[in-house]
Every structure is written in C-alpha cells, then in structure tokens.
Amino acid sequence: MLAHLYPTDPFWFDLALYLTIGVAVPVATLLICWGIGRACRRSRNGLRVGMVLMAALTLAAAYGFTLGIRGVRVRRVTLAFSDLPPAFDGYRLLHASDLHVGSYKGWRAHILAEAIDSIMAQRADMIALTGDLQNARPTEIEAALPQLRRLKANDGVFSVLGNHDYPVYIDVPDYERYDSLGRTVVLQRDSLGWQLLMNSRRTIRRGNETLTVAGMENDGEGRFPCHADLTATIGGLSAKGTFIVMMEHDPTSWRRTILPHCHAQLTLSGHTHGGQLTLFGMSPAALRYREWGGMYHAGERQLSVTTGVGGLLPFRIGVKPEIVVITLKRKHP
C-alpha cells in the first residue's frame with residue numbers, strides 16, 4: 001500500500017511515518033507496560049521495565065527514520081581472478097543499488113545528493129546500478145533527474161531493472177502498466193544516457209582485450225517479477241577467454257540460475273537492503289536470503305550483494321547506506 005501512496009504524495013507518507021513514531025510506537029509500548037504491570041502487581045519493576053522499553057523503542061524509531069539513513073559507507077573490495085584479461089588488471093567498478101529515489105524528496109533530498117557525491121568521488125572506471133531506482137512510478141525518476149544526471153564514468157553507467165522498476169506495485173489498467181515500464185526504460189536510456197541492460201550485454205575494450213558487462217532482467221521468486229532470460233543475455237559467448245561481470249538485482253539468482261548455467265566470474269546484486277536493520281550483527285534478511293550483504297564466493301566465482309543506498313521505507317538501524325568499490329586484479333601463478 002505504501003508504494004501506491006508515497007510516489008504521488010510524500011506529505012501523507014511522511015505524516016504516516018511520524019504518527020508511527022509519535023503515536024503507534026508509544027501506544028503499543030504503553031500497552032506492553034500495562035500488561036507487565038498487571039503481571040507484576042506486587043512490584044513496580046514491571047512498570048519500570050515497560051517505561052524503559054517504551055523510551056528505547058521510540059528513540060530507535062526516531063533514529064532509524066532520521067540519522068540512520070544519513071551518510072554513505074564506502075566498502076572497498078579487491079578481487080583476484082586467474083582469467084582476468086591483463087589489460088583490466090586494476091580495473092575499478094563502482095557497485096550501487098536500490099536508490100529508491102522516490103523516498104528522498106523534500107527534506108530528505110540532500111541524502112540522495114550526498115550519495116551521488118560519494119559515488120562520483122570514487123572516480124571508478126564504470127558504475128553498475130543493480131536495480132530499484134524507483135519505488136513504483138517513473139515520475140520519481142523524473143523528479144530526480146538533475147541529481148541522477150551527475151552520474152558519469154569513463155566506460156559508462158550500466159543499469160538493470162529491479163522488482164520495483166516494474167509496474168507491479170501500482171493498481172492501474174494493463175495499458176498504463178506498459179506505458180509506465182516504457183517510461184522507466186526511456187528515462188534511463190535516453191534521458192540519462194545509461195546502458196540499461198535488459199537480458200543483454202555490452203563490451204568494454206582495452207586494446208585487443210575485452211570485458212563483458214551483462215545484465216539480466218529481474219530473476220525473482222514468488223511474488224517478485226521474473227523476466228530473466230540467461231540465453232538472451234550471454235548466448236553465444238565462449239566460456240574460454242571471456243570475462244563476464246553479470247548484473248542481476250535479486251541475489252537468489254546466483255545459485256538458482258547463474259552458477260549452474262553460465263560462467264560469469266563476478267555477479268553484482270542488491271535487493272535485500274541488508275534488512276535495513278541489524279542487532280548484534282544479525283539481520284532479518286538472513287532469515288530469507290542465503291546471501292544478503294557482502295562478498296560470497298564459489299571457487300573463484302564471486303558475488304557482491306550490496307545493502308543498497310535507500311529503501312521504500314526511509315529507515316535504517318545498523319545498516320548504513322553503502323556503495324561498493326571493486327578493484328579487479330589478475331591472479332598471477
């Protein structure tokens with residue numbers, strides 16, 4: 001329901017958030033206090049515990065919707081591959097995901113600007129954006145165009161679609177869904193000049209040597225859209241002598257589709273947001289996703305799952321917005 005409301009009227013969305021912080025959380029905790037107090041009639045400890053819990057939950061909610069979404073962590077990773085073409089030894093790519101630009105309007109607009117500042121400050125050879133640029137509607141991208149146009153790299157900005165980039169979260173006739181998706185595609189390819197990969201690939205050249213950047217459409221399970229076509233994406237590429245950076249929004253595709261059916265050496269994914277919450281190093285995302293944040297490997301094949309920049313709900317505790325700078329190195333015998 002939030003995706004129906006927020007893209008068109010951020011005022012009411014913000015009001016709902018503040019009511020949650022200022023009313024729903026205190027009321028819920030007061031009820032807990034009352035219950036604890038009833039259970040501990042002979043002692044005031046129950047009431048005291050409840051009051052402390054109420055204060056803690058209220059402060060946590062306030063932090064998560066304000067300071068928790070500010071600041072961008074730059075995670076730096078160096079990966080070595082024995083089959084990396086020598087000309088790409090030291091190649092630097094920037095991996096970012098889940099910008100959810102519709103969540104960063106009004107007083108939160110500076111958060112998106114700071115994230116783009118951080119991306120550009122890395123001076124990477126290429127920028128890879130692995131989906132969920134919008135919450136639900138392309139009008140959000142239109143509003144953010146002045147900021148998004150700042151994203152530049154020598155070898156280009158590459159992007160794929162995430163589940164929120166498809167018109168599945170809006171209740172409109174089918175023809176409007178088609179128009180919405182088409183507008184999202186046009187904005188990325190034409191207005192921004194990005195290389196939007198929809199089951200397709202591009203080649204980056206250094207002299208006679210090449211690096212292939214491939215991008216599948218969202219390969220989701222269950223309620224998430226699935227439009228991936230691996231054959232269309234990398235069909236005809238030889239496993240020998242081809243280094244592939246695969247971009248796929250949903251990290252579950254790595255074990256389901258990418259590892260068993262292609263030879264992509266490096267896969268870039270997002271989607272999980274790291275659960276937007278961690279306590280003592282534990283995240284609710286780990287209950288659903290085997291790979292939910294950080295680097296994973298199967299032999300020399302690597303998966304980068306970034307916890308992303310934003311979210312439909314602008315709320316984070318213990319999971320700072322992040323971008324990942326990956327330096328490719330050639331492994332020498």
Original post:
With distance as the sole criterion, is a donor-acceptor pair present between the side chains of His271 and Ser97 under 3.5 Å?
Top reply: no
Original post:
For Asp219, does its backbone N or O pair with a side-chain atom of Arg256 as donor and acceptor, under 3.5 Å?
Top reply: yes
Original post:
Would you say the side-chain atoms of Ser159 and Gln188 include a donor-acceptor pair closer than 3.5 Å?
Top reply: yes
Subject >> Residue pairs fulfilling salt bridge (charged side-chain N to carboxylate O under 4.0 Å, His left out) with at least one residue in residues 320-333, sequence neighbours excluded >> reply: Arg73-Glu322, Arg75-Glu322, Asp89-Lys329, Glu300-Lys331
**OP:** Begin from the C-alpha positions of Asp155 and Arg205 and carry the test salt bridge (charged side-chain N to carboxylate O under 4.0 Å, His left out) through to its verdict.
**Re:** CA-CA 9 Å; Asp155 289 325; Arg205 299 184 181 277; over 6 Å; no
Original post:
Can you find a pair of side-chain heavy atoms, one from Met216 and one from Ser253, that are under 4.5 Å apart?
Top reply: yes
**OP:** Begin from the C-alpha positions of Ile116 and Leu151 and carry the test side chain to side chain contact (heavy atoms under 4.5 Å, CB included) through to its verdict.
**Re:** CA-CA 7 Å; Ile116 291 176; Leu151 293 175; 3.8 Å; yes
**OP:** Say whether, by atom type as modelled, one donor and one acceptor occur between the side chain of Thr212 and the main chain of Ile244 under 3.5 angstrom.
**Re:** no
Original post:
Centres of the Phe81 and Phe243 rings: under 6.0 Å?
Top reply: yes
**OP:** Taking all non-hydrogen atoms of both residues into account, name the closest pair between Ala128 and Leu268 and its distance.
**Re:** CB-CD1, 3.6 Å
Original post:
Just by modelled atom types, is the Met198 backbone N or O under 3.5 Å from a matching donor or acceptor in the Ser200 side chain?
Top reply: yes
Original post:
For Gln195 and Arg202, does a side-chain donor sit closer than 3.5 Å to a side-chain acceptor?
Top reply: yes
**OP:** Starting from the C-alpha separation in whole Å, work towards a yes-or-no answer on side chain to side chain contact (heavy atoms under 4.5 Å, CB included) for Val305 and Thr267.
**Re:** CA-CA 9 Å; Val305 183; Thr267 300; over 6 Å; no
Subject >> For the student: nearest non-hydrogen atoms of Val168 and Asn163, plus distance >> reply: CG2-O, 3.8 Å
Original post:
Can you name the nearest heavy-atom pair linking Leu230 to Cys262, along with the distance?
Top reply: CD2-CB, 4.0 Å
Original post:
Under the 3.5 angstrom rule, does the side chain of Asp98 hit a backbone N or O of Val309 as a donor-acceptor pair?
Top reply: no
Original post:
Does the side chain of Asn135 pick up a donor-acceptor pair with the side chain of Tyr169 at under 3.5 Å?
Top reply: no
Original post:
Does Leu93 offer a backbone N or O that forms a donor-acceptor pair with the side chain of Asp125 under 3.5 Å?
Top reply: no
Original post:
Do you see a donor-acceptor pair shorter than 3.5 Å between the side chains of Asn218 and His227?
Top reply: no
Subject >> Any residue meeting ring pair (Phe, Tyr, Trp, His ring centres under 6.0 Å) with His273, in chain and number order, not counting sequence neighbours >> reply: His100
Subject >> side chain to side chain contact (heavy atoms under 4.5 Å, CB included) between Lys240 and His263, worked out >> reply: CA-CA 9 Å; Lys240 184 178 181 180; His263 66 281; over 6 Å; no
**OP:** Would you tell me whether Thr184 and Gln134 have side-chain atoms, one donor and one acceptor, within less than 3.5 Å of each other?
**Re:** yes
Subject >> His110 and Tyr104 aromatic centres sub-6.0 Å >> reply: no
Original post:
Hey, mind stepping through Leu148 and Leu99 against side chain to side chain contact (heavy atoms under 4.5 Å, CB included) and telling me if it holds?
Top reply: CA-CA 10 Å; Leu148 296 173; Leu99 269 67; 4.0 Å; yes
Subject >> Worked check of salt bridge (charged side-chain N to carboxylate O under 4.0 Å, His left out) between Glu140 and Lys105 >> reply: CA-CA 9 Å; Glu140 303 162 38; Lys105 298 178 180 178; over 6 Å; no
Original post:
Nearest heavy-atom pair of Ser283 and Gly274: which atoms, and what distance?
Top reply: OG-O, 2.7 Å
Original post:
Do side-chain atoms of Arg92 reach the backbone of Val325 as a donor and acceptor pair under 3.5 angstrom?
Top reply: no
**OP:** Check Ile317 against Tyr63 and note the closest heavy-atom contact, atom names and distance.
**Re:** CG1-CD2, 4.1 Å
Subject >> Taking every non-hydrogen atom, the tightest pair across Glu248 and Glu217 >> reply: OE1-O, 2.8 Å
Original post:
Does Tyr91 reach the main-chain N or O of Ala87 with its side chain, forming a donor-acceptor pair under 3.5 Å?
Top reply: no
Original post:
Just by modelled atom types, is the Asp229 backbone N or O under 3.5 Å from a matching donor or acceptor in the Thr233 side chain?
Top reply: yes
**OP:** Could you tell me whether the side chain of Arg189 and the main chain of Leu197 form a donor-acceptor pair under 3.5 Å?
**Re:** no
**OP:** Scan side-chain atoms only and decide if His95 and Ser304 contain a donor-acceptor pair under the 3.5 Å cut-off.
**Re:** yes
